[in-house]
*Asks:* 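Shown below is the structure under consideration.
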Amino acid sequence: MTLTTDRPTAAAPARPEGGALVKQFEFGLDAPICLTWELTYACNLECAHCLSSSGRRDPRELSTQQCKEVIDELQRMQVFYVNIGGGEPTIRPDFWELLEYAIAHEVGVKFSTNGARITPERAAFLAATDYVDVQISLDGATPEVNDYVRGPGSYDMAIRALENLQAAGFSDAKISVVCTRQNIGQLDDFKRIADEYGATLRLTRLRPSGRGADVWDELHPLPEQQRELYDWLVAHGEDVLTGDSFFHLAAFGEPLPGLNLCGAGRVVCLIDPIGDVYACPFAIHDQFHAGNLLTEGGFGEVWRNSKLFRELRSPQTGGACSSCAHYDSCRGGCMAAKFFTGLPLDGPDPECVKGYGESALTGERTIPAASQDHSKSNPTRNEPVMLQLMRRRPDGQDSPATRPVSACAESPIAGFTP
Amino acid sequence: MLTHPWELSASVALRPEPFGALAYNFHNRKLSFLKRPELVRVVERLGDHPDVLSTLEAEGIPQEQHAAYVRALSGLAATDIIRPRTAT
Ligand code: SF4
Ligand code: SF4
């Protein structure tokens, strides 16, 4: 953990005046605009690709009081909304209390859930509450595709939640889909489901983070599927949310709507259940650990002055990408995707659409060991088929599991053209 | 727009940023960015002056930039960051 006072003394390039907004974002903001807060690592499911390797509650989890103090600070910093995830956040007995507390303190909430606890009563409560957004995770437009990675019964669970929300009059729920090799062909079906429930579709990228690292090889979209996804986004981009998921696809042609830069530590960050602050929800690793908000100065100090975040806000080099004609829009892709596949951070993304990632993946690389794992130690009846199959693999890699993928939300600059 | 009274919407909060400010409308949940400190001041003061023109003048915005400011303000009006002031 690095709460440093040794600020870089070398003359750092100054922030430009005016100009494109992305340039400003590169130098960081006074407070995040895309803050994810995983409230718990506990989860009722064991999704094969869980980005936070969730399953078991961490005994050091922040108390209700500590959470409220975090909310107070977010209000002071004018963080206008947070994306709450986990784990399954609604498992916390104080979840609804914290939700109301946040809203009462001008911190809007969007929370990600697998839907298990969105009963008709809760749906009615949500429909009656302002400043709350609900995001239901669904990774297949059919039970077969969804349950293979999210576990038996999880498709029905999500659909029931959507039904309950719709019946209660909750408008514009979000359906959050992690795009995989198995569901890219279902994009139109996802859209149909979203339309049916008056919901908005949100598509995100499968990143090799958390348990996602174990299944990435099998699930990440094939090169031709990336093209399919890009074309679909060009056709439907204005109606779906993507956050910063697909800017690496911009190298196919036009940039897509959404945030077209890696915002980690600049406009994006993650607070985990024990108060650790990381550069991004997909970067839960010691290497991207900026500090803990229980230390003096709290979250604000970590955000403003941690050594890591200061580094991320200083101009970065494009390395092997800088000679690429698409560098301006693609910017070498996702830092977390590179890190967790063992590629250099200043080189091409593993899914570089020009194919440079693929060749890099065949070269010498070391996949970093996970620095933490809250997966359940024994599989339960909710274990997805995918993990059962993996368990039987000859390499004997036992990889138990858990939970819905939440993430850096919709574009923080939705509706804004820089 | 120049000769009409405007004001910052009541549901909007401005967060200072190194480049200017970030404006958030709690009603429609839209985030906008004010990319110059001068624009932030103009937006904050709109409600204190009879109209947009007098606000620009009071804030010392040179005449030749007025058109650009009106464009920026129209953009902010579109997301209800600022709105026409009715009764005073
Ligand atoms: S590391 Fe990847 S997921 Fe995280 S902010 Fe950067 S681009 Fe987004
Ligand atoms: S070489 Fe780098 S900048 Fe060019 S498309 Fe690939 S990842 Fe993007």
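The model shown is predicted, which means the values in this text are computed figures rather than measured ones. When reading the values below, keep in mind they use all heavy atoms of this one structure, side chains included, and skip hydrogens, waters and symmetry mates. Residue numbers start from 1 in every chain, and the chains themselves are labelled A, B, ... in the order their sequence lines are given, proteins ahead of strands.
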*Asks:* Pull out the residues in residues 16-26 of chain B that come under 4.5 Å of chain A, heavy atom to heavy atom, sorted by number.
*Replies:* Pro16(B), Glu17(B), Pro18(B), Phe19(B), Leu22(B), Tyr24(B), Phe26(B)

*Asks:* Check for a donor-acceptor pair, side chain of Ser9(B) on one end and backbone N or O of Ser11(B) on the other, with a separation under 3.5 Å.
*Replies:* no

*Asks:* Taking the six-membered ring of Trp96(A) (Phe, Tyr or Trp), confirm whether the NZ or CZ of Arg122(A) is under 6.0 Å from its centre and within 45° of its axis.
*Replies:* yes

*Asks:* Please name all residues satisfying salt bridge (Lys or Arg N to Asp or Glu O under 4.0 Å) with Glu311(A), sequence neighbours left out, ordered by chain then number.
*Replies:* Lys307(A)

*Asks:* Assess whether atom NE2 of His105(A) is packed by more than 12 heavy atoms of other residues, nucleotides or ligands within 6.0 Å.
*Replies:* yes

*Asks:* Cation-pi check for Trp303(A) against Arg266(A): NZ or CZ below 6.0 Å from the six-membered ring centre and within 45 degrees of the axis, yes or no?
*Replies:* no

*Asks:* At a heavy-atom distance under 4.5 Å, which candidate from Gln78(A), Met77(A), Gln24(A) has the highest pair count against chain B?
*Replies:* Gln78(A)

*Asks:* Which pair of non-hydrogen atoms, one from Thr129(A) and one from Val132(A), has the smallest distance, and what is that distance?
*Replies:* O-CG1, 3.4 Å

*Asks:* Let me know if Arg15(B) has heavy atoms under 4.5 Å from chain A in its side chain, its backbone, both or neither.
*Replies:* both

*Asks:* For residues Phe25(A) and Phe33(B), establish whether the separation of their ring centroids is below 6.0 Å.
*Replies:* yes

